[in-house]
**Student:** 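Here you go, one structure.
Here is how names work: the chains are called A, B, and so on, in the same order as the sequence lines, proteins then strands, and each is numbered from 1.
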Amino acid sequence: MLTNQQIRDVVQKYEDGEENILAILLKLQEASGQNYISEDCAVEVAKELNIPASKIYDLLTFHSMFSTKPRGKYIIEICKSAPCHVNKSREIVKMFENELGIKMGETTADKLFTLQFTSCIGACDIAPAAKIGEKVYGNLTKEDVKKIIQEYREGGK
Amino acid sequence: MAKIVELITENVGKVRPDSLEDYLNASGYEALKKAFKMTPEEIIEEVKKSNLRGRGGAGYPTGSKWEQLHEIDETPKYIVCNADEGEPGTFKDKIIMDKDPFKLVEAMTIAGYTFGSNHGYIYIRGEYPLSKKTMQKAVDLAKEAGYLGDNILGTDYSFDIHIRTGAGAYVCGENSAQLNSLEGKVGRPRIKPPHLAEVGLFKKPTLVNNVESFAAIPYIVLNGGEKYASFGTKESGGTKLVCLSGNVVNRGVYEVPFGTTIREIIYDLGGGMPEGRKFKFAQIGGSSGPCFGEDKLDTPLCYKETGKNGLIVGSGALLVVDDSNCAVDFAKCISEFFVHESCGKCTMCREGNRQLLRILTRFTEGKGCKEDFALIEQLSNVLPISSFCGLGETATRAVSTCIELFRDEFEEHIEGKCRAGICSFSEGGK
């Protein structure tokens, strides 16, 4: 949980706060530890920037990268767009689901991973692709999926 | 045989993206120095001569766009680089930002100088966090070395570039939606007119160009518009970055002169299908582009010929689909994308895409019926005329062209058959 002071610190780091609202919210979401923006957090940002909280809610629900509900520490985003689709991304969806024991859209019980779809991430030359944070993984095979999850499990606890 | 020409990708893979020195050694900033000795009118004249057209997808003549902004007296003016390449299958702007970021910085500075603008913005999609870092680093280094900021290269011209991020919304690639997003608003498109050249960012005159369009500017300034145009066809000047993806051996970004045929791109550069697979169809211009079959492979990539053949140049995405894929399942995948990305502002785009997906889902479950074809056709006719941005206007194009090509496959699905074996009809199929 972020304290109101921590939230204000993040907001104040940006000049032209309102113009940078997406960057601020992405930063706060990352800092939340649970990859989401809570209602309290949204209200605090709204107060700090002197804009209505409803506007923050509009932004949060409009953009795919935000969540208003807690998610895992790592978000595994599997590309759902056509170039990955024709390279059989459905197979890697199954692999991730089997490996983690959850379905797309769900979070593991240990709160480490959330599985979700993303629109094109520009990794069409290495499709099927997935993205975890800033890292992009391509040409995925069953072995890759196992290895990737193992790495994050070891690094994440 | 298709050939690759390196006008705007000349530095890709040859310079380190975080080294201004490398960029300078590769003749970087020569174009800006030359531009400083030219008048804005002279620069615009070269851009017009180049026949450059907007590379984001719409293909609007860049020279005309620049001329229109130039004729507006109001100040301040803003320069915006649209780096929100959200069209699925497009990954060319990413290459420029990741591999040669200073070229974009230099190009925007030239544009800024041309219009007497002091502020530029690069709007980078949220899905490209690394591109954002690379661009920010380039901007910082350029500023430190006096290529950006106050009194650039000792002149009295000052220009700064601000990097902004999106957060996952395809519609923000639409220029007016993007300006709303840059202002901190939700990125829903604006009604035009007024055009962005008159009422743009913060209601001020604004130039919005795509990354690839900007990246052509240094070459045009340095070598002249005619030289750039000489690489293309009569109407389509220069080169296009083509993003080859899907079921081809060599996927990637290729810079080709306009006039190269689609077949040459797929087979000469892309190496054709993987072994044992056959070409089924291709889609050009991203998910909003049309699907086409073998008979159109010899179409030269240029604005005139693609237009004649019902195709588009669009963003330069070229997705190849082999016979292991199902046309109905593919159409459904595209439809899911538009349902997800419709911003919800126009009723027909919001609800029509949803209905289209419901119908296509029925087909993949073996529950479609003959009457559905008429419904799809109706939606394909209504959406383009009842949506005011490109998203709704083009959302049904892939589906309707898919049906034109593979009506027999759609009909088979009504009978509960999927020749590619992709659709499963277990849940209550006929």
**Student:** At a 4.5 Å cut-off on heavy atoms, which part of Thr90(B) comes close to chain A: side chain, backbone, both, or neither?
**Tutor:**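 Backbone only.
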**Student:** Please classify the contact of Ile422(B) with chain A as side chain, backbone, both or neither, using a heavy-atom distance under 4.5 Å.
**Tutor:**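 Contact with chain A involves the side chain of Ile422(B) alone.
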**Student:** Is His340(B) close to chain A through its backbone or its side chain, or both, or neither, when contacts mean heavy atoms under 4.5 Å?
**Tutor:** side chain
**Student:** For Val171(B), is it the side chain, the backbone, both, or neither that has a heavy atom closer than 4.5 Å to a heavy atom of chain A?
**Tutor:**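 Contact with chain A: side chain only.
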**Student:** Whether Lys185(B) and Glu18(A) form a salt bridge (side-chain N of Lys/Arg under 4.0 Å from carboxylate O of Asp/Glu) is what I want to check.
**Tutor:**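 The answer is no: the pair does not qualify as a salt bridge.
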**Student:** Of the backbone (N, CA, C, O) and the side chain (C-beta and beyond), which part of Glu85(B) lies under 4.5 Å from a heavy atom of chain A, both, or neither?
**Tutor:**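 Neither the backbone nor the side chain of Glu85(B) comes within 4.5 Å of chain A.
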**Student:** Side chain, backbone, both or neither: which part of Leu182(B) has an atom under 4.5 Å from a heavy atom of chain A?
**Tutor:** backbone
**Student:** Side chain to side chain donor-acceptor pair (under 3.5 Å), that's the test. Do Glu127(B) and Thr118(A) meet it? Break it down for me.
**Tutor:** CA-CA 9 Å; Glu127(B) 288 85 347; Thr118(A) 174; 4.7 Å; no
**Student:** Write down the atom of Ala169(B), the atom of His63(A), and the distance for their closest heavy-atom approach.
**Tutor:**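 The answer is CB-CD2, 3.7 Å.
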**Student:** Does a salt bridge link Arg188(B) with Asp58(A), judged by any charged N lying under 4.0 Å from a carboxylate O?
**Tutor:**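 Judged by the 4.0 Å cut-off on N to carboxylate O distance, Arg188(B) and Asp58(A) do form a salt bridge.
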**Student:** Go through the side-chain N and O atoms of Asp329(B) and His85(A) and say whether any donor and acceptor fall under 3.5 Å apart.
**Tutor:** yes
**Student:** Is it the case that over 12 heavy atoms from other parts of the model lie below 6.0 angstrom from the NZ atom of Lys55(A)?
**Tutor:** yes
**Student:** Is it the backbone or the side chain of Ser131(B) that comes under 4.5 Å from a heavy atom of chain A, or both, or neither?
**Tutor:**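 Contact with chain A is absent: no heavy atom of Ser131(B) under 4.5 Å.
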**Student:** Is it the backbone or the side chain of Ile126(A) that comes under 4.5 Å from a heavy atom of chain B, or both, or neither?
**Tutor:** backbone
**Student:** Under a 4.5 Å heavy-atom cut-off, does chain A meet the side chain of Lys92(B), its backbone, both or neither?
**Tutor:**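 Lys92(B) has no heavy atom closer than 4.5 Å to chain A.
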